[in-house]
Amino acid sequence: MIGTVESQASASAPVLAAYSYCETVTGQQARNFAYGIRLLPTPKRRAMSALYAFSRRVDDIGDGPLPDDVKVTRLEDTRALLTRIREGEVEDDDTDPVAVALSHAATHFPIPLGGLDELIDGVQMDLRGETYETWDDLKVYCRCVAGAIGRLSLGVFGTERGARGVERAPEYADTLGLALQLTNILRDVREDAENGRIYLPADDLAKFGCSDGFAGPTPPQGSDFAGLVHFEVRRARALFAEGYRLLPLLDRRSGACVAAMAGIYRRLLDRIERDPEAVLRGRVSLPGREKAYVAVRGLSGLDTRHVARRTVGRRA
């Protein structure tokens with residue numbers, strides 16, 4: 001069983017400063033994520049910010065303007081830093097605040113740091129320009145860049161003692177990560193195409209006449225772009241339904257955090273479903289007031305209770 005850590009030993013001034021830096025990075029660059037983690041108690045919120053800041057560093061290397069050979073070197077340097085963190089070699093007075101914060105978090109929560117190696121693997125797949133023939137192929141990538149984040153986060157959240165089915169919590173966290181990533185892929189389909197990346201499976205693109213890609217604000221001529229989007233939306237919804245089974249296995253505030261983050265993406269999926277071509281015209285997003293509503297709904301426990309009732313019904 002994955003334990004829950006509710007308290008941390010007194011952190012030194014350098015560690016607190018490192019956490020503050022990570023929280024600033026999270027607040028500025030991960031608005032959807034930040035809406036969720038603000039619902040957590042301070043130790044968990046800090047640890048999640050450290051995870052995000054490290055993950056963001058990896059993503060920024062992959063998405064940045066540097067030549068690919070330099071990116072490869074930077075990623076290997078980041079992997080070496082992760083090894084130092086894993087082996088407890090980062091001191092409080094280290095000059096890298098992200099390393100300091102993540103190192104401290106990893107000593108107080110059972111965070112499976114190997115998930116960050118998987119994230120680096122996923123970004124390296126991007127650098128190699130990998131494409132995906134089938135959904136099974138794409139799942140490998142999604143598990144690296146998102147499923148791993150779900151499992152890492154579970155190390156911070158912990159699970160409720162005695163919760164039935166708790167042994168499947170990592171599986172549900174992984175699946176929820178896949179749901180979020182597939183939603184991201186749909187939302188960013190044109191932006192990714194402009195950067196030379198196509199993530200949707202080639203067999204799905206061929207099925208709906210979209211193999212020519214998404215170079216402009218309108219679908220490929222003669223394609224069934226709406227059909228493609230609705231097909232992928234149904235797949236994402238099935239992943240959300242399975243991943244949401246994680247909620248009853250978490251404590252109230254951790255469940256609220258997950259429900260808020262996942263709820264924002266589910267609402268993005270609703271918008272994409274209603275107007276599939278919107279993703280070709282620009283980035284689909286939610287206004288702040290709607291995100292706040294989702295956060296309040298998560299804190300109320302409505303989603304958790306709904307999933308718990310549905311799960312009990314299946315067992316009856």
Side-chain angles (χ1 to χ4, degrees), residues 1-30 33-34 36-64 66 69-124 127 144-146 148-159 170 173 177 253-254 257:
M1 180 183 296
I2 298 171
T4 301
V5 181
E6 293 295 348
S7 62
Q8 291 172 295
S10 268
S12 67
V15 168
L16 291 176
Y19 276 129
S20 180
Y21 172 83
C22 292
E23 289 191 273
T24 298
V25 170
T26 303
Q28 291 177 346
Q29 302 189 43
F33 187 81
I37 68 169
R38 69 177 60 178
L39 303 176
L40 295 171
T42 299
K44 291 184 179 183
R45 188 187 69 245
R46 288 173 176 165
M48 290 295 289
S49 294
L51 276 174
Y52 175 81
F54 191 95
S55 302
R56 182 72 191 202
R57 177 178 295 180
V58 175
D59 285 342
D60 284 348
I61 293 171
D63 293 336
L66 296 171
D69 59 335
V70 178
K71 290 182 179 182
V72 169
T73 300
R74 293 280 181 89
L75 287 173
E76 288 308 321
D77 289 345
T78 305
R79 199 187 292 275
L81 174 60
L82 181 59
T83 298
R84 288 182 56 220
I85 293 169
R86 186 183 291 112
E87 295 178 356
E89 297 177 356
V90 176
E91 302 294 335
D92 288 5
D93 60 355
D94 194 282
T95 57
D96 186 334
V98 176
V100 171
L102 184 57
S103 181
H104 186 269
T107 63
H108 291 85
F109 294 94
I111 300 172
L113 292 175
L116 291 170
D117 280 304
E118 292 180 58
L119 175 61
I120 294 171
D121 292 341
V123 173
Q124 289 176 327
L127 292 183
C144 284
V145 299
I149 302 301
R151 287 177 267 116
L152 286 159
S153 300
L154 184 61
V156 175
F157 296 145
T159 53
R253 290 177 70 176
S254 296
C257 172

Visitor: Within this structure, what is the CZ-CD1 distance for the pair Phe157 and Ile37, rounded to the nearest 0.5 Å?
Guide: 9.0 Å

Visitor: If you round to the nearest 0.5 Å, how far is CZ of Arg86 from CD1 of Ile111?
Guide: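 Rounded to the nearest 0.5 Å, the CD1-CZ separation comes out at 12.0 Å.
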
Visitor: Test your reading of the model: is there a side-chain donor-acceptor pair from Tyr19 to the backbone of Ala105, 3.5 Å cut-off?
Guide: yes

Visitor: Would you check, one step at a time, whether the test side-chain hydrogen bond (donor to acceptor under 3.5 Å, both in side chains) holds for Arg56 with Gln28?
Guide: CA-CA 11 Å; Arg56 182 72 191 202; Gln28 291 177 346; over 6 Å; no

Visitor: Under the 3.5 angstrom rule, does the side chain of Thr107 hit a backbone N or O of His104 as a donor-acceptor pair?
Guide: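 Yes, Thr107 side chain to His104 backbone: donor-acceptor pair under 3.5 Å.
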
Visitor: Taking all heavy atoms of Leu51 and all of Val156, pick out the closest pair and write down the distance.
Guide: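 Residues Leu51 and Val156, closest heavy atoms: CD1-CG2, 3.9 Å.
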
Visitor: Would you indicate whether the side-chain heavy atoms of Val98 and Val25 approach each other to under 4.5 Å?
Guide: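 A side-chain contact is absent here, since even the closest heavy-atom pair is not under 4.5 Å.
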
Visitor: Sub-3.5 Å donor-acceptor pair from the side chain of Ser153 to the main-chain atoms of Ile149, do we have one?
Guide: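 Yes, the answer is positive, given that a donor and an acceptor are paired below the 3.5 Å cut-off.
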
Visitor: NZ of Lys71 to CD1 of Ile61: how many Å apart, nearest 0.5 Å?
Guide: 9.5 Å

Visitor: Out of curiosity, Lys44 NZ to Cys257 SG, how far, rounded to the nearest 0.5 Å?
Guide: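 Here the interatomic distance stands at 9.5 Å.
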
Visitor: Pair Thr73, Asp77 - check side chain to side chain contact (heavy atoms under 4.5 Å, CB included), show working.
Guide: CA-CA 6 Å; Thr73 300; Asp77 289 345; 4.0 Å; yes

Visitor: What pair of heavy atoms forms the shortest contact from Pro14 to Asp92, and how long is it?
Guide: CB-O, 3.3 Å

Visitor: Charged N to carboxylate O under 4.0 angstrom, Asp96 versus Arg84?
Guide: no

Visitor: Look at the side chain of Arg45 and the backbone N and O of Arg38, then say whether any donor-acceptor pair between them is shorter than 3.5 Å.
Guide: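 Judged by distance alone, no pair lies under 3.5 Å.
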
Visitor: Would you mind reporting whether Arg79 and Gln124 have side-chain heavy atoms less than 4.5 Å apart?
Guide: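 SC-SC contact between Gln124 and Arg79 confirmed.
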
Visitor: Can you measure from CG (Leu113) to CD (Glu118) and round to the nearest 0.5 angstrom?
Guide: 11.5 Å

Visitor: May I ask you to test the Thr159-Leu154 pair for a side-chain heavy-atom distance under 4.5 Å?
Guide: yes

Visitor: Mind checking ring pair (Phe, Tyr, Trp, His ring centres under 6.0 Å) for Phe54 and listing every partner two or more places apart, or none if nothing turns up?
Guide: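 None.
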
Visitor: Using every non-hydrogen atom in the two residues, find where Leu66 and Arg74 come nearest and quote the distance to one decimal.
Guide: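 Answer, listing the atom of Leu66 first, then Arg74: CD1-NH1, 3.4 Å.
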
Visitor: For a quick test of reading the model, state the closest non-hydrogen atom pair linking Ala101 to Cys22 and the distance between them.
Guide: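 The answer is CB-SG, 3.7 Å.
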
Visitor: Keeping the roles fixed (side chain from Tyr52, backbone from Gln29), state whether a donor-acceptor pair exists under 3.5 Å.
Guide: yes

Visitor: Is any side-chain heavy atom of Leu116 closer than 4.5 Å to a side-chain heavy atom of Val58?
Guide: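 They are not in contact (no side-chain heavy atoms under 4.5 Å apart), so the answer is no.
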
Visitor: To the nearest 0.5 angstrom, please state how far the CG atom of Asp117 sits from the SG atom of Cys144.
Guide: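 That separation rounds to 10.5 Å.
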
